[in-house]
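One structure is given here, and the rest of the page talks about it.
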Amino acid sequence: MKQDIGGSNNSNNTDSERIATKELTLNLGPQHPATHGVLRLVLDLDGETIVKCTPYVGYLHRGVEKLAEHRNYMQILPLTDRLDYISSMANNIGYCVAVEKLFGVEVPERTQFIRTIVGEMTRITNHLLWLATHALDIGAMTVFLYCFREREKILDLFEKLCGARLTVSYTRIGGLKNDVDPQWLDELYRFTDEFPMRVEQYETLIDKNRIWLRRTKGVGVISAEDAINWGLSGPTLRGSGVPYDVRKAMPYGAYDKVKWEVPTGKNGDVYDRYRVRMEEFRQSNSIIRQCIEKLPEGPIMADAPKFTLPAKDRVLSDMEHLIHHFVLITKGPQTAPEGEIYVATEVPKGELGFYFVSDGSGKPYRMRLRSPSFVHVSALPKLCEGELVADVIANIGSIDIVLGECDR
Amino acid sequence: MEPSEIATRLRDKFPLEVIEVKSFRDQVFVSVKRDRITDICRYLYEDPELSMNFLSDLCGVDYPERKYRFEVIYNLYSLKYNHRIILKAQLSHDEPSIDSVVPIWNGANWHEREACDMYGIVFNGHPDLRRILMPEDWEGFPQRKDYPLKGDPGWEYRGFDESKELHAHDSDWNIK
């Protein structure tokens with residue numbers, strides 16, 4: 001008897017009953033190592049193929065936007081550390097750039113360069129963690145250990161710089177917590193000497209690996225048009241060939257003072273997104289080197305006594321600065337210009353935007369966080385539907401999400 | 001294109017819809033009525049000289065003392081021309097609903113769900129309007145200004161319906 005596997009072109013009832021198929025609903029997460037946090041997916045499966053994918057988020061919702069309405073501008077900074085907790089430095093910079101634009105504070109050039117350096121160090125740590133876990137999810141175990149070796153070095157540098165490894169809170173409104181010292185810069189420069197060689201090492205581990213290629217090429221394809229329409233940003237968008245980077249489009253920090261390129265992919269699959277991030281390692285490395293070479297001398301805090309903390313020696317010798325310091329520490333900035341503003345920065349995951357509604361008081365009337373992870377998770381069904389279950393894991397890895405930022 | 005020019009075009013095209021144009025630190029904010037929001041958005045999206053193809057953000061804001069209590073903010077950006085404009089649609093307290101822009105930008109889907117979750121704004125024609133960050137049986141809209149940051153313990157969230165049922169008869173058993 002002829003066996004009809006697909007169930008098509010079948011007029012015989014008994015045959016179709018014998019091989020009747022049923023859609024299966026599979027719950028993935030929220031406690032699952034491959035979901036990179038507390039993401040829950042409900043997958044409707046037809047065999048191995050995904051018919052429908054429904055993400056559920058909110059397990060890590062802490063109401064940062066609501067909390068921010070009840071805190072002054074200085075007190076919000078530590079909250080931003082806890083959004084994307086593996087690249088907190090970039091969030092700090094994004095927040096400070098936004099608030100400075102709202103306040104109309106000009107930041108000294110040295111600070112711009114240092115922020116660019118630490119911002120790119122964050123990009124490297126973030127992409128290292130991304131590569132490590134993404135490769136581990138797909139089955140390449142070795143890369144994990146190599147990536148953590150370099151990540152550890154950068155985290156040590158962060159620790160030397162500001163005392164913290166992950167939740168750094170290094171930037172301040174109008175400047176930085178402290179200046180960098182020459183030894184630290186030397187150590188970082190030595191790191192950038194050897195880092196491109198390390199990137200090549202990672203590539204030799206997976207780039208010509210047959211399993212890696214089969215698991216990533218042609219998987220999770222999204223066209224440039226769709227990627228824009230879904231609001232994707234960062235390497236996830238650039239993997240589809242759209243050269244959009246906030247650092248180029250709306251430059252902040254010292255990005256317009258150094259030479260670098262925006263790597264893009266072509267096909268918009270998991271492999272191209274991986275390639276884009278690998279190229280970003282090299283670009284970030286080059287940006288750090290150029291910034292160290294060009295680093296200008298000068299102050300690190302802006303001269304805006306109503307909004308930024310005065311230098312400690314001035315506080316101890318000058319009555320006026322003592323008063324400003326006292327008011328800022330005990331009550332925070334008392335006034336802010338009235339108005340609304342949206343400022344975006346390029347964090348490792350994409351476009352992080354802060355939208356402030358200020359009513360003139362020392363607290364934001366509304367702080368809106370446009371987090372890249374939130375948008376990327378919303379596009380996950382678009383990437384997954386019609387593909388195999390195993391590819392879901394590759395897709396989650398390739399859009400690079402952190403649920404702390406997604407749920408806020 | 002300069003953002004102010006986009007605002008001028010918008011005012012010429014929709015003279016009855018545009019209420020107010022404001023500018024702050026080189027960014028332009030256009031307040032519009034809610035009724036023809038999809039027409040306005042579609043115009044901004046499709047006009048070849050504007051080409052607002054990237055919805056950066058969509059969110060709600062609550063102004064309890066105003067006549068139009070809620071604002072929905074559409075943060076539109078053009079990847080092609082590198083210009084940005086921010087639309088603000090005004091909604092009243094009695095009827096906080098507006099047409100969904102998901103047919104234009106798919107990226108609006110979750111942003112609208114979040115605005116609904118946090119402010120109770122209803123987006124007509126949204127494909128899947130459910131709570132997103134809060135549990136599905138949550139009462140109230142947390143980001144409204146009249147929703148306190150901290151409530152009294154009797155009023156605070158006590159868990160899902162299932163766990164409430166589980167403990168409903170605790171008093172019968174003298175469980176302290």
Side-chain angles (χ1 to χ4, degrees), chain A residues 54-63 65-67 69-71 101-104 224-233 237 242-244 246 248-250 337-344 351 353-355 357-359 365-371 374-375 377-379 381-382 406-408, chain B residues 22-29 45 51-63 71 73 75-86 88 102 104-115 117-119 128 130-136 138 142-145 147-150:
Chain A
T54 320
Y56 288 83
V57 297
Y59 294 94
L60 216 54
H61 179 62
R62 294 145 297 175
E65 291 177 12
K66 180 85 177 174
L67 278 170
E69 290 170 12
H70 296 262
R71 271 153 181 70
K101 194 157 181 204
L102 174 70
F103 287 171
E225 205 172 301
D226 280 342
I228 294 169
N229 199 272
W230 278 94
L232 302 184
S233 55
L237 177 65
V242 185
Y244 171 62
V246 183
K248 285 275 189 206
M250 293 154 257
E338 212 175 318
E340 298 177 30
I341 200 159
Y342 177 80
V343 181
E351 176 180 337
F354 284 90
Y355 185 84
V357 179
S358 162
D359 59 352
Y365 186 79
R366 168 90 165 97
M367 185 183 92
R368 162 73 180 168
L369 262 161
R370 187 258 188 227
S371 63
F374 185 72
V375 183
V377 178
S378 80
K382 169 79 187 158
C406 174
D407 297 346
R408 283 156 288 147
Chain B
K22 268 189 187 171
S23 159
F24 182 72
R25 306 231 192 273
D26 303 331
Q27 293 186 356
V28 173
F29 304 84
Y45 178 72
S51 175
M52 296 288 192
N53 52 2
F54 192 76
L55 180 83
S56 280
D57 192 14
L58 190 158
C59 65
V61 186
D62 181 17
Y63 299 98
E71 261 179 6
I73 313 259
N75 194 332
L76 307 176
Y77 178 71
S78 169
L79 291 184
K80 199 171 165 191
Y81 300 114
N82 191 13
H83 55 214
R84 183 186 297 283
I85 195 154
I86 294 162
K88 302 200 284 183
V102 175
I104 307 172
W105 298 282
N106 280 312
N109 189 324
W110 277 27
H111 290 314
E112 286 185 354
R113 274 178 71 185
E114 195 192 334
D117 191 358
M118 293 296 161
Y119 291 96
D128 183 23
R130 288 178 288 126
R131 282 197 183 268
I132 183 164
L133 295 176
M134 308 305 282
E136 67 273 10
W138 188 271
Q143 265 188 306
R144 287 191 177 181
K145 285 283 173 183
Y147 193 99
L149 185 67
K150 237 177 172 180

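Atom set for the values below is all heavy atoms of this structure, side chains included, hydrogens, waters and symmetry mates excluded. To find a chain, count down the sequence lines: A is the first, B the second, and so on, and within it residues start at 1.
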Can you tell which part of [X] gets under 4.5 Å to a heavy atom of chain A, answering side chain, backbone, both or neither?
{"X": "B:Ile132", "value": "both"}
{"X": "B:Ile86", "value": "side chain"}
{"X": "B:Asn75", "value": "side chain"}
{"X": "B:Asp26", "value": "neither"}
{"X": "B:Gln27", "value": "side chain"}
{"X": "B:Arg84", "value": "side chain"}
{"X": "B:Ile73", "value": "side chain"}

For residues [X] and [Y], determine if any side-chain heavy atom of one lies less than 4.5 Å from a side-chain heavy atom of the other.
{"X": "B:Asn106", "Y": "A:Lys382", "value": "no"}
{"X": "B:Tyr45", "Y": "B:Leu55", "value": "no"}
{"X": "B:Asp117", "Y": "B:Arg113", "value": "no"}

*asked:* Pair A:Arg368, B:Glu114 - check salt bridge (Lys or Arg N to Asp or Glu O under 4.0 Å), show working.
replied: CA-CA 11 Å; A:Arg368 162 73 180 168; B:Glu114 195 192 334; 3.0 Å; yes
Side chain / backbone / both / neither for [X] at chain B, heavy atoms under 4.5 Å:
{"X": "A:Ala379", "result": "neither"}
{"X": "A:Lys101", "result": "both"}
{"X": "A:Tyr355", "result": "side chain"}
{"X": "A:Phe374", "result": "both"}
{"X": "A:Val57", "result": "both"}
{"X": "A:Pro55", "result": "both"}
{"X": "A:Val242", "result": "side chain"}
{"X": "A:Thr54", "result": "side chain"}
{"X": "A:Glu69", "result": "side chain"}

*asked:* Looking at chain B, which one of A:Val375, A:Val357, A:Asp407, A:Leu102 has the largest number of heavy-atom pairs inside 4.5 Å, strictly under?
replied: A:Leu102
_Using every non-hydrogen atom in the two residues, find where B:Phe54 and A:Ser233 come nearest and quote the distance to one decimal._
CZ-CB, 4.3 Å
*asked:* Among residues at least two apart in sequence or on other chains, which ones pass side-chain contact (heavy atoms from CB on, under 4.5 Å) with A:Ala227?
replied: A:Ile222, A:Leu232, A:Leu237, A:Ser240
_Residues that A:Tyr342 engages under side-chain hydrogen bond (donor to acceptor under 3.5 Å, both in side chains), provided they are two or more places apart_ = A:Glu351
*Mind ranking B:Arg131, B:Met118, B:Met134, B:Arg25 by heavy-atom pairs under 4.5 Å with chain A and telling me who comes out on top?*
B:Arg25
*asked:* Please rank B:Tyr63, B:Trp110, B:Phe29, B:Trp105 by heavy-atom pairs under 4.5 Å with chain A and give me the top one.
replied: B:Trp110
*Does A:Lys66 reach the main-chain N or O of B:Arg144 with its side chain, forming a donor-acceptor pair under 3.5 Å?*
yes
*Spell out, as yes or no, whether a donor-acceptor pair under 3.5 Å connects the side chain of B:Lys80 to the backbone of B:Asn53.*
no
_Using a strict threshold of under 4.0 Å (side-chain N to carboxylate O), is an ion pair present between A:Glu340 and B:Lys88?_
yes
*Sidechain N-carboxylate O distance under 4.0 Å for A:Arg408, A:Glu65*: yes
_Below 30° counts as parallel, above 60° as perpendicular, anything between as tilted: where do the rings of A:Tyr244 and B:Tyr77 land?_
tilted
